[in-house]
Novice: 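I'd like to ask some things about the structure below.
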2 protein chains.
Amino acid sequence: MSSQIRRLSTLDANFAEQFRALLAYEEQRDPHVEGAVADIIHAVRKRGDEALLEFTEKFDRVKANSAADLEIGQDELKHAFDTLDPDQKAALKVAAQRVRAFHERQVAESWEFTEADGTRLGQRVTPLDRAGLYVPGGKAAYPSSVLMNAVPAKVAGVKEVIMVVPTPSGVKNQMVLAAAHLAGVDRVFTIGGAQAVAALAYGTQTVPRVDKIVGPGNAYVAEAKRRVFGAVGIDMIAGPSEILVICDGTTNPDWIAMDLFSQAEHDEMAQSILLSPSKEFLDQVQASIKRLMDSMPRATVIATSLKNRGALIQVKDMDEACELSNQIAPEHLELSVQDPDAWVGKLRHAGAIFMGPYSSESLGDYCAGPNHVLPTAGTARFSSPLGVYDFQKRSSIIFASREGASTLGEVAAELAYGEGLPAHARSAEYRVGPKFKKAD
Amino acid sequence: MSSQIRRLSTLDANFAEQFRALLAYEEQRDPHVEGAVADIIHAVRKRGDEALLEFTEKFDRVKANSAADLEIGQDELKHAFDTLDPDQKAALKVAAQRVRAFHERQVAESWEFTEADGTRLGQRVTPLDRAGLYVPGGKAAYPSSVLMNAVPAKVAGVKEVIMVVPTPSGVKNQMVLAAAHLAGVDRVFTIGGAQAVAALAYGTQTVPRVDKIVGPGNAYVAEAKRRVFGAVGIDMIAGPSEILVICDGTTNPDWIAMDLFSQAEHDEMAQSILLSPSKEFLDQVQASIKRLMDSMPRATVIATSLKNRGALIQVKDMDEACELSNQIAPEHLELSVQDPDAWVGKLRHAGAIFMGPYSSESLGDYCAGPNHVLPTAGTARFSSPLGVYDFQKRSSIIFASREGASTLGEVAAELAYGEGLPAHARSAEYRVGPKFKKAD
């Protein structure tokens with residue numbers, strides 16, 4: 001198997017250009033997919049369960065007499081959990097407990113304060129009523145994703161979490177069902193694709209309408225989420241997974257090579273980049289890549305990903321490494337150095353930062369506690385890991401006292417007249433006390 | 001002027017149907033707009049300043065020799081502020097100070113905790129580097145919107161806030177420029193439309209690329225924001241403004257009528273709804289509407305809005321009013337009752353809640369302190385007022401100790417093998433201490 005990977009140095013004359021080319025990724029939107037998804041959504045909105053049954057038979061080769069037959073009961077979820085391999089069950093329980101404990105720290109609380117004149121202002125925090133969780137079927141069915149999406153929703157206080165998971169040809173993933181049980185998912189439907197997204201967004205006779213849809217999916221699912229956005233909330237549309245490793249040269253090169261592999265094995269578009277000030281260390285990692293490649297079960301995917309999208313980059317120093325990292329705004333950032341606390345303050349944008357040589361990214365994927373749903377493709381510049389905050393929303397509270405309304409009313413009226421909105425002004429002026437009153 | 005407004009009662013046989021029809025609003029997306037916007041964005045991405053200058057001449061009738069000429073300097077902003085009418089200036093200062101004070105309470109702080117084995121987990125909160133603020137030109141140029149969008153960004157710690165505002169035929173709104181000065185906007189460009197959104201999203205030779213674009217705009221601006229989403233963050237795409245008033249019948253009916261007017265005067269699609277258990281009170285408000293209508297400068301807009309989208313609805317009791325309010329999830333909710341604290345706990349979804357008879361919605365529009373950019377069209381079910389949190393993002397911190405990596409590594413490896421991701425498993429196993437080590 002090829003173990004080819006691009007070598008760059010920031011001293012190269014054309015480095016800026018090469019770096020830009022390396023990072024260039026633009027989601028390709030396929031007009032055929034866009035059209036097909038629009039039709040599917042339209043059909044599900046119009047014909048509900050009937051359309052849902054047709055599409056499920058057509059795309060997943062699952063024939064059901066009624067949409068109710070597509071629901072998996074709580075007893076079946078519990079059975080999947082009870083009969084799971086004991087080691088897997090124990091691991092899943094540790095993961096769920098740690099993810100829950102971390103996310104409990106994210107719960108936002110309502111607050112309010114009272115001003116001198118008795119006016120009260122505040123922010124009420126409430127959970128969404130209902131969340132929809134899309135779980136891909138087939139090969140990419142990950143129980144860890146069920147935990148990472150469902151647990152924050154439950155911690156936020158979402159009353160009903162509805163999971164959808166396609167079961168192509170009727171094959172169910174028992175570990176996914178076990179994770180749903182463990183995470184406290186309320187209802188599960190064996191539907192997928194754009195039709196499942198449409199059912200969650202608008203509701204059918206059987207599938208309840210939700211307030212937000214989260215979870216990864218293929219191009220059809222991504223396009224469907226994009227289209228229903230506004231009718232419901234959605235999480236980010238995820239791009240290929242990425243890792244950036246910054247290493248000072250003191251971590252075992254085999255460890256770093258495997259960390260790069262762990263990203264590359266996801267899919268051929270995944271991106272693994274290593275930055276180091278040490279040319280010798282980069283050479284060592286390259287040798288590790290070569291030596292370890294053939295032992296990897298997913299070597300074909302890894303090799304393609306590293307060849308097309310990977311890079312080992314020599315930097316002048318750690319400061320430059322941090323600067324390049326800020327330009328990338330990586331999903332996963334390993335700061336594999338002896339004193340990570342000395343550098344973390346310079347890193348402005350990243351989904352998750354793994355500090356020190358022992359923090360492999362895979363710990364974060366499963367059980368460290370923080371979420372593994374992270375902003376990709378540079379979106380860490382402006383967005384955050386999935387969290388409890390995605391399942392809570394805020395309402396402002398304004399309780400003007402009689403005196404407060406009088407004082408504020410004059411200010412509001414002045415500005416409202418200035419903006420040419422006289423009804424706004426008069427509505428405020430009605431509440432201005434007699435001695436201040438300007439109008440009426 | 002007509003003062004027609006729909007009267008409904010929840011006791012009507014077909015109430016559910018009428019209520020659904022009343023709320024039905026679906027944003028119309030125009031394929032012509034979609035195509036035009038795609039072309040404009042493409043041109044600005046490809047040709048930068050040159051395209052920006054062409055579109056600005058074409059759409060705004062402003063001819064400039066270079067994109068630099070489209071920038072308004074800080075001195076001009078300060079001059080606009082210094083020469084503002086003293087009453088307006090005083091009002092703007094009170095508003096800015098109160099908006100800032102409220103938003104300072106929203107600043108999220110980083111946190112971290114250490115587990116027994118030395119593993120550290122946490123969440124780092126950092127501001128966006130750069131935010132773009134779209135301000136509409138012409139009639140709908142609102143200085144209050146400049147404050148409401150720019151102040152939270154500055155409170156969050158955004159280093160550079162770039163404002164764009166079209167100046168059709170070269171006309172600048174001095175109050176908008178004054179507000180930009182007061183809010184601490186860093187740079188202002190007199191550009192607008194899809195071309196301004198494209199310039200902010202991708203950058204040109206002159207306009208810097210931002211990380212997130214906020215602020216309202218027309219259909220072209222909304223479509224452009226939708227299209228650049230992913231390359232940059234965006235705030236919500238706002239629908240028409242709405243108010244829901246719940247009144248127990250004890251507030252002055254003239255006040256309530258004016259509150260409904262203040263929403264209706266925004267535009268003909270704005271929605272004003274009143275719920276009350278008292279038929280007599282609804283009659284009184286209807287009489288106030290009739291009596292006050294002709295005195296309103298914007299009576300034509302108000303009358304159209306109330307006729308097409310307004311309603312006075314009689315409910316059985318306050319509980320039913322709260323239930324209907326939760327179905328609507330209104331942008332603005334006035335709880336105009338004697339004891340609002342008794343009811344606010346039942347209201348699950350609203351952008352902002354105005355409590356008691358003195359809290360007119362217009363106080364919130366200008367100077368109470370909370371943001372006036374609020375979720376419309378039922379999106380309060382899953383989204384929040386614009387806030388400091390929109391200009392901050394989080395990075396997870398995972399610092400596994402040697403012992404922590406050993407314990408967690410076994411769990412992660414178990415789950416990774418279960419998901420068919422062996423490189424993930426081995427990357428974790430490398431860090432498992434000798435006595436636990438399963439592989440290698």
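Throughout, a chain's letter reflects where its sequence line sits, starting with A, and its residues are numbered from 1. A quick note: this is a predicted structure, and the numbers were derived from the prediction, not measured.
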Novice: Quick one: sort the A/H424 and B/H266 rings into parallel, tilted or perpendicular, breaks at 30° and 60°.
Specialist: perpendicular

Novice: Who among B/D85, B/N371, B/L128 has the most heavy-atom pairs with chain A under 4.5 Å?
Specialist: B/L128

Novice: Looking at B/S401, B/A405, B/A91, which makes the most heavy-atom pairs under 4.5 Å with chain A?
Specialist: B/A91

Novice: Picking from A/A131, A/P357, A/A95, which has the most non-hydrogen pairs under 4.5 angstrom with chain B?
Specialist: A/P357

Novice: Within this structure, what is the OG-CG distance for the pair B/S262 and A/L421, rounded to the nearest 0.5 Å?
Specialist: 9.0 Å

Novice: Measuring from A/H332:NE2 to B/S396:OG, what's the distance to the nearest 0.5 Å?
Specialist: 9.5 Å

Novice: Go through the atoms of B/L92 and report whether side chain, backbone, both or neither lie under 4.5 Å from a heavy atom of chain A.
Specialist: both

Novice: Look up atom CD1 in B/I353 and atom CZ in A/F399, then write down how far apart they are to the nearest 0.5 Å.
Specialist: 12.5 Å

Novice: As an exercise: rank A/Q106, A/Q392, A/M236, A/R98 by heavy-atom pairs under 4.5 Å with chain B and give me the winner.
Specialist: A/R98

Novice: Is a side-chain donor or acceptor of B/E265 paired with a backbone partner of A/A423 at a separation under 3.5 angstrom?
Specialist: yes

Novice: Check whether any side-chain N or O of A/S427 sits under 3.5 Å from a backbone N or O of B/M258 as a donor-acceptor pair, and report yes or no.
Specialist: no

Novice: If we define contacts as heavy-atom pairs under 4.5 Å, which of B/A108, B/P127, B/S362, B/G369 has the most with chain A?
Specialist: B/S362

Novice: Roughly how far apart are B/L363 CG and A/L408 CG, rounded to 0.5 Å?
Specialist: 5.5 Å

Novice: Drop me the distance from B/F113's CZ to A/R105's CZ, to the nearest 0.5 angstrom.
Specialist: 4.0 Å

Novice: Going by side-chain contact (heavy atoms from CB on, under 4.5 Å), name the residues that satisfy it together with B/D390, two or more places apart in sequence or in a different chain.
Specialist: B/K212, B/L386

Novice: Under a 4.0 Å N-O cut-off, is there an ion pair linking A/R426 with B/D254?
Specialist: no

Novice: Just by modelled atom types, is the A/G233 backbone N or O under 3.5 Å from a matching donor or acceptor in the B/R381 side chain?
Specialist: no

Novice: Side chain from CB out, backbone as N, CA, C, O: work out which of these in A/D365 comes under 4.5 Å of a heavy atom of chain B, or both, or neither.
Specialist: side chain

Novice: Looking at A/S360 and B/A428, what are the two nearest heavy atoms and their distance?
Specialist: OG-CA, 3.9 Å

Novice: So that I can tick it off, tell me whether A/D341 and B/R120 are bridged by a salt bridge, with the cut-off set at under 4.0 angstrom between side-chain N and carboxylate O.
Specialist: yes

Novice: Please flag which part of B/S144 lies under 4.5 Å from any non-hydrogen atom of chain A: side chain, backbone, both or neither.
Specialist: both

Novice: List for me each residue that meets side-chain contact (heavy atoms from CB on, under 4.5 Å) alongside A/A380, sequence neighbours excluded, and say none if there are none.
Specialist: A/A329, A/P375

Novice: Does a side chain donor of either B/E403 or A/Y358 reach within less than 3.5 Å of an acceptor in the other side chain?
Specialist: no

Novice: On the six-membered ring of A/F382, is B/R130 placed so that its NZ or CZ lies under 6.0 angstrom from the centre and within 45° of the ring axis?
Specialist: no

Novice: Tell me, side chain or backbone of B/A231 under 4.5 Å from chain A's heavy atoms, or both, or neither?
Specialist: backbone

Novice: Flag the pair A/D129 and B/R348 as a salt bridge only when some basic side-chain nitrogen lies within less than 4.0 angstrom of an acidic carboxylate oxygen.
Specialist: yes

Novice: Under 4.5 Å from any heavy atom of chain A, what part of B/V344 do you find: side chain, backbone, both or neither?
Specialist: both

Novice: Go through A/E361, A/Q123, A/R402, A/Q263 and name the one with the most non-hydrogen pairs under 4.5 angstrom from chain B.
Specialist: A/R402

Novice: Quick check on B/V210 against chain A: is it the side chain, the backbone, both or neither that has a heavy atom closer than 4.5 Å?
Specialist: backbone

Novice: Using only atom types and a distance under 3.5 Å, with no angle test, would you say the side chain of B/S359 pairs donor to acceptor with the backbone of A/A400?
Specialist: yes

Novice: Quick one: of A/P370, A/A257, A/G239, A/G122, who has the most non-hydrogen atom pairs under 4.5 Å with chain B?
Specialist: A/P370

Novice: Is there a side-chain contact between B/K393 and A/S383 (heavy atoms, below 4.5 Å)?
Specialist: no

Novice: Using a 4.5 angstrom heavy-atom cutoff, name the option from A/H349, A/R394, A/M355, A/M296 with the most pairs to chain B.
Specialist: A/R394

Novice: Highest number of heavy-atom pairs under 4.5 Å with chain A: which of B/G387, B/P385, B/G364, B/A425?
Specialist: B/P385

Novice: Could you tell me whether a side-chain N or O of B/R124 sits under 3.5 Å from a main-chain N or O of A/L347, the two making a donor and an acceptor?
Specialist: yes

Novice: Looking only at heavy atoms, which two atoms of B/T379 and A/G230 are closest? And how far apart?
Specialist: CG2-O, 3.4 Å

Novice: Can you see which heavy atom on A/W255 is nearest to which on B/Y430, and at what distance?
Specialist: CZ2-O, 3.4 Å

Novice: Side chain, backbone, both or neither: which part of B/Y389 has a non-hydrogen atom closer than 4.5 Å to chain A?
Specialist: side chain

Novice: Check each of A/L415, A/T407, A/V411 against B/V94 using the side chain to side chain contact (heavy atoms under 4.5 Å, CB included) test, and report the only one that passes.
Specialist: A/V411

Novice: So which residue, B/A416, B/A377, B/G420, B/G418, ends up with the most heavy-atom pairs under 4.5 Å with chain A?
Specialist: B/A416

Novice: Below 4.5 Å from any heavy atom of chain B, which atoms of A/E331 appear? Answer side chain, backbone, both or neither.
Specialist: neither

Novice: Heavy-atom pairs under 4.5 Å with chain B are the metric here; pick the option from A/I302, A/T376, A/N326, A/I398 that has the most.
Specialist: A/I398

Novice: Is there a donor in the side chain of B/E414 and an acceptor in the side chain of A/Q88, or the other way round, less than 3.5 Å apart?
Specialist: no

